[in-house]
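Throughout, protein chains are lettered first and strands after them, A, B, ... in sequence-line order, and every chain is numbered starting at 1.
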There are 2 protein chains.
Amino acid sequence: MAVESSTSERLMTTAADLFRRKGYAQATTRELADALGIRKASLYYHISNKEDLLFAISMHSLGHILEAVGTAAAAATEEERLRVLIQAHVVTSLSERDMHTVMLTELRALSPEHLATVIAERDRYEALLRDVIADDQEAGRLRTDIDAKLLTLSLLNVLNWTIFWFDPADDLTPERLGEVLAAVFIEGAIGR
Amino acid sequence: MAVESSTSERLMTTAADLFRRKGYAQATTRELADALGIRKASLYYHISNKEDLLFAISMHSLGHILEAVGTAAAAATEEERLRVLIQAHVVTSLSERDMHTVMLTELRALSPEHLATVIAERDRYEALLRDVIADDQEAGRLRTDIDAKLLTLSLLNVLNWTIFWFDPADDLTPERLGEVLAAVFIEGAIGR
DNA sequence: GTCTATATTGTGATAGAC
DNA sequence: GTCTATCACAATATAGAC
């Protein structure tokens with residue numbers, strides 16, 4: 001049930017909130033236990049170590065956005081697909097903002113094995129974006145003086161930095177932001 | 001002299017390189033001392049503590065980009081000003097990539113007093129961008145269906161995420177990247 | 001300006017009772 | 001599933017000699 005809040009279920013969201021605010025390295029297991037209302041040692045009944053938690057957060061977040069954005073893009077017409085994709089990315093990433101931010105910014109704290117797994121998943125996501133852009137270029141819907149790789153990196157710029165300044169308390173909604181970023185990127189990616 | 005490399009002069013660039021690669025919290029004073037070829041304790045002849053080093057790096061980086069971008073924008077015609085500004089930002093930020101990245105991503109490790117000082121300087125920089133964008137809107141050179149604040153945040157997205165993927169070893173030069181990002185953002189900010 | 005030696009604190013994690 | 005108690009270690013920083 002989505003409303004359950006057992007210690008196990010709260011662990012990942014509580015850790016994500018903590019890791020985003022303080023950074024993974026500066027967040028302590030004591031702070032995490034305090035936020036959950038249990039003792040430090042009790043954490044280790046639920047997790048094997050701190051880094052596992054970071055890995056779980058990263059994989060959950062990537063699975064979530066891959067599913068949401070992939071589904072939205074597949075259901076759209078070719079003409080609207082890029083706009084739908086950007087909108088879905090902004091709304092989805094901000095709906096799990098803590099986990100998404102941690103996934104994007106705490107890569108270097110992962111073990112080599114976990115890092116490789118997360119990077120492979122991030123590459124899958126970026127390939128999804130690049131395929132849409134390349135297809136739009138081939139169909140004449142986007143400019144071709146900038147290659148698909150560089151245009152995709154430009155799109156990742158437009159999308160990803162948002163996590164550092166978006167404030168849910170502002171009156172800017174994720175939906176409106178999605179429209180703005182889609183408008184700026186797509187019209188810039190069409191060119192004059 | 002620019003070619004000097006006394007311990008004092010190497011300290012800030014060596015620390016910036018380390019802080020960018022490992023993160024401020026995970027980078028140790030031992031690693032920094034090792035990279036400099038001295039003992040850990042000897043660091044404290046040059047600095048008062050680790051956080052001071054982060055503050056010095058952040059302020060140096062902000063002073064550098066404020067000066068370079070401000071000068072470039074002031075020397076340009078109104079029609080070319082935004083393009084010149086974006087180009088100068090990309091080239092300048094990547095010319096001191098380590099310090100610039102640390103300044104952008106390690107804010108939360110600063111003491112409250114240092115944090116306030118750095119934020120004030122970042123606000124000055126962002127005001128410079130917003131003033132150019134607002135002026136371009138008033139003169140009819142940019143779309144007005146997105147307000148200046150949101151358009152500025154969109155520009156910061158386009159510019160800032162670059163630090164996470166730009167690789168000096170690639171064949172993409174900062175100059176070419178500046179052209180691409182300027183083209184995408186400006187044409188998107190003009191609209192159809 | 002750099003050294004050796006050390007103080008002090010905080011960290012992730014485990015043992016074993018309940 | 002959570003607790004108390006504790007281990008083992010790594011961190012920043014200082015004292016004082018050279």
Between [Y] and [X], does any NZ, NE, NH1 or NH2 come within less than 4.0 Å of an OD or OE carboxylate oxygen?
X: Glu106(B); Y: Arg20(B); result: no
X: Asp147(B); Y: Lys149(B); result: no
X: Arg176(A); Y: Asp171(A); result: no
X: Asp98(B); Y: Arg21(B); result: no
X: Lys40(B); Y: Asp34(B); result: no

Original post:
Where does the chain B footprint on DNA chain C start and end, counting 5' to 3' with a 4.0 Å heavy-atom cut-off?
Top reply: dG1(C) to dA5(C)

**OP:** Mark up nucleotides 5-10 of chain D, 5' to 3', with B wherever a protein heavy atom is under 4.0 angstrom from a base atom, S wherever such an atom reaches only the sugar-phosphate, and - elsewhere.
**Re:** B-----

Original post:
Across the strands shown, which category fits Thr7(A) at heavy-atom distances under 4.0 angstrom: base, sugar-phosphate, nothing?
Top reply: sugar-phosphate

**OP:** Would you please test Asn160(B) and Leu104(B) for side chain to side chain contact (heavy atoms under 4.5 Å, CB included) and show each step?
**Re:** CA-CA 8 Å; Asn160(B) 286 346; Leu104(B) 283 178; 3.9 Å; yes

**OP:** May I ask you to list the residues of residues 44-53 of chain A, by number, that have any heavy atom positioned under 4.0 Å from an atom of DNA chain D?
**Re:** Tyr45(A), His46(A)

**OP:** With a 4.0 Å heavy-atom cut-off, tell me which residues in residues 14-27 of chain A come close to DNA chain D, sorted by residue number.
**Re:** none

Subject >> Mutual orientation of the aromatic rings belonging to Phe164(A) and Phe164(B) [parallel < 30°, tilted 30-60°, perpendicular > 60°] >> reply: parallel

Original post:
Parallel, tilted or perpendicular for Phe55(A) and His114(A), by the 30°/60° rule?
Top reply: parallel

Original post:
Can you name the salt bridge (Lys or Arg N to Asp or Glu O under 4.0 Å) partners of Asp170(A), sequence neighbours left out?
Top reply: none

Original post:
Is the His60(A) to His100(A) ring centre distance short of 6.0 Å?
Top reply: no

Original post:
Taking only residues two or more places apart in sequence, or in another chain, which ones meet Ile47(B) in a side chain to side chain contact (heavy atoms under 4.5 Å, CB included)?
Top reply: Leu11(B), Leu53(B)

**OP:** Step through the shown structure and confirm whether more than 12 heavy atoms of other residues, nucleotides or ligands are within 6.0 Å of CZ on Arg108(B).
**Re:** yes

